[in-house]
Amino acid sequence: MQTASKIFVIAGPSGSGKSTLLKRLFAEYPDTFGFSVSHTTRAPRAGEVNGKDYHFVAKDVMEREVADGKFIESATFSGNMYGTSVKAVEDVVETGKVCMLDIDMQGVQAVKKTNLNPRYICIRPPSLEILEQRLRGRGTEKEEGVLARLEAATRELEYAEQPGVFDRIIVNDDLEAAYKSLKEAIFTQ
């Protein structure tokens, strides 16, 4: 299977299912896709591996590198910085793989200001109520964190609905159907 684009931006609110869908895509096509590993200043969650799930870095280091222009996009959420470095994307593209960027809507806005020319795919939950159930079901956030993520999700979904922001919007109400739609969005352009 061939893709026309070398870079895809996959965005959507926390809890929309982006990671689940991307893990499945990578398992099915291990030699086709490369994951741009984001940086974060938050502590690793149970089972997360530095350099695989995120590059876990000190806040002062990340602030300096963002200021030095080493990041395509960065954002602060719940007191933690997140971002995609230029090098992380270049590393994937240099291997000949299609680079997948898993970023938030602030990141989408920042990438649109670059010359990367990716294809943009939004993964959205069927409703904010279901998103809230998913976020609470994780058990990884305190109440303030859940409420902050829901507030951010509302703004992100409003932005996603604007014409021209995304090439494709996929509602993740059924994992099989969402995965099929994701593959169609990537392989048929």
Side-chain angles (χ1 to χ4, degrees), residues 7-26 33-92 99-114 116 118 120-125 128-160 165-166 172:
I7 302 172
F8 284 87
V9 168
I10 310 296
S14 180
S16 63
K18 297 182 308 285
S19 298
T20 301
L21 291 167
L22 285 171
K23 282 179 185 168
R24 191 161 171 190
L25 185 72
F26 278 55
F33 300 101
F35 192 59
S36 168
V37 180
S38 297
H39 286 63
T40 186
T41 59
R42 76 160 169 76
R45 293 182 183 142
E48 287 183 329
V49 177
N50 187 41
K52 181 176 181 261
D53 297 293
Y54 282 98
H55 294 291
F56 296 98
V57 296
K59 191 168 189 174
D60 62 324
V61 170
M62 189 158 169
E63 287 173 336
R64 184 174 58 250
E65 291 186 354
V66 167
D68 290 344
K70 294 182 180 179
F71 279 75
I72 294 167
E73 57 85 25
S74 66
T76 300
F77 187 80
S78 293
N80 296 304
M81 292 179 73
Y82 295 84
T84 305
S85 70
V86 173
K87 185 172 182 344
V89 174
E90 289 173 345
D91 287 349
V92 174
C99 183
M100 304 300 274
L101 299 172
D102 174 356
I103 57 180
D104 70 1
M105 297 302 170
Q106 281 181 285
V108 169
Q109 292 169 336
V111 172
K112 284 189 173 283
K113 295 174 185 171
T114 71
L116 291 176
Y120 295 89
I121 300 171
C122 177
I123 307 297
R124 62 171 295 142
L128 285 172
E129 292 76 23
I130 289 175
L131 181 66
E132 181 175 1
Q133 291 171 8
R134 290 176 183 175
L135 291 172
R136 291 187 187 286
R138 286 179 173 174
T140 58
E141 306 270 345
K142 293 182 179 166
E143 183 65 13
E144 314 85 72
V146 170
L147 294 176
R149 288 193 185 278
L150 288 171
E151 185 180 317
T154 301
R155 288 190 311 272
E156 290 179 354
L157 293 172
E158 287 171 1
Y159 173 69
V165 172
F166 285 95
N172 186 9

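Since the structure is predicted, the reported quantities are computational estimates derived from the model, not experimental observations.
- When all heavy atoms are compared, the tightest approach of P13 to L131 is CB-CD2, 4.1 Å.
- Put simply, the side chain of T41 gets close to the backbone of M81: a donor and an acceptor are under 3.5 Å apart.
- Of the possible donor and acceptor atoms, one in the side chain of N172 sits under 3.5 Å from a partner among the backbone N and O of S16.
- Residue I72 holds its CD1 atom at 6.5 Å from OG of S36, rounded to the nearest 0.5 Å.
- Applying the side chain to side chain contact (heavy atoms under 4.5 Å, CB included) test between V9 and each of T84, D102, V108 identifies V108 as the sole match.
- With K70 contributing its side chain and R64 its backbone, the two residues share no donor-acceptor pair below 3.5 Å.
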Given the rule in the side chain to side chain contact (heavy atoms under 4.5 Å, CB included) test, do L25 and M100 qualify, once you have shown the distances and angles that lead to the verdict?
CA-CA 10 Å; L25 185 72; M100 304 300 274; 3.8 Å; yes

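- Counting only heavy atoms from C-beta outward, the side chains of D104 and Y82 never approach each other to under 4.5 Å.
- Atoms OG1 and CZ, from T154 and R149 in turn, are 13.5 Å apart once rounded to the nearest 0.5 Å.
- The aromatic rings of Y120 and F166 sit perpendicular, their planes meeting at an angle over 60°, well past the 30° parallel limit.
- For the residue pair H39 and S85, the shortest heavy atom distance occurs at CE1-OG, 3.6 Å.
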Practice task
Walk me through it: do V165 and K112 pass the test side chain to side chain contact (heavy atoms under 4.5 Å, CB included)?
Solution key: CA-CA 9 Å; V165 172; K112 284 189 173 283; 4.2 Å; yes

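- Scanning both residues, A160 and M105, for their nearest heavy atoms gives CB-CE, 4.0 Å.
- The pair E65-K87 does not meet the salt-bridge criterion, since no charged nitrogen lies less than 4.0 angstrom from a carboxylate oxygen.
- Considering only heavy atoms from C-beta on, L128 comes within 4.5 Å of L157 through its side chain.
- Residues A75 and Q106 come closest through the heavy atom pair CB-OE1, 3.1 Å.
- The backbone N or O of A110 sits nowhere less than 3.5 Å from a side-chain atom of T114 that would complete a donor-acceptor pair.
- Between I10 and K18, the closest heavy-atom pair is O-CD, 3.9 Å.
- Nearest heavy-atom pair, G79 versus K59, reported as atom, atom and distance to 0.1 Å: O-NZ, 3.7 Å.
- With contacts defined as side-chain heavy-atom distances shorter than 4.5 Å, the pair R42/F56 qualifies.
- Inter-residue side-chain proximity for F35 and L22 is flagged as met; some heavy-atom pair is nearer than 4.5 Å.
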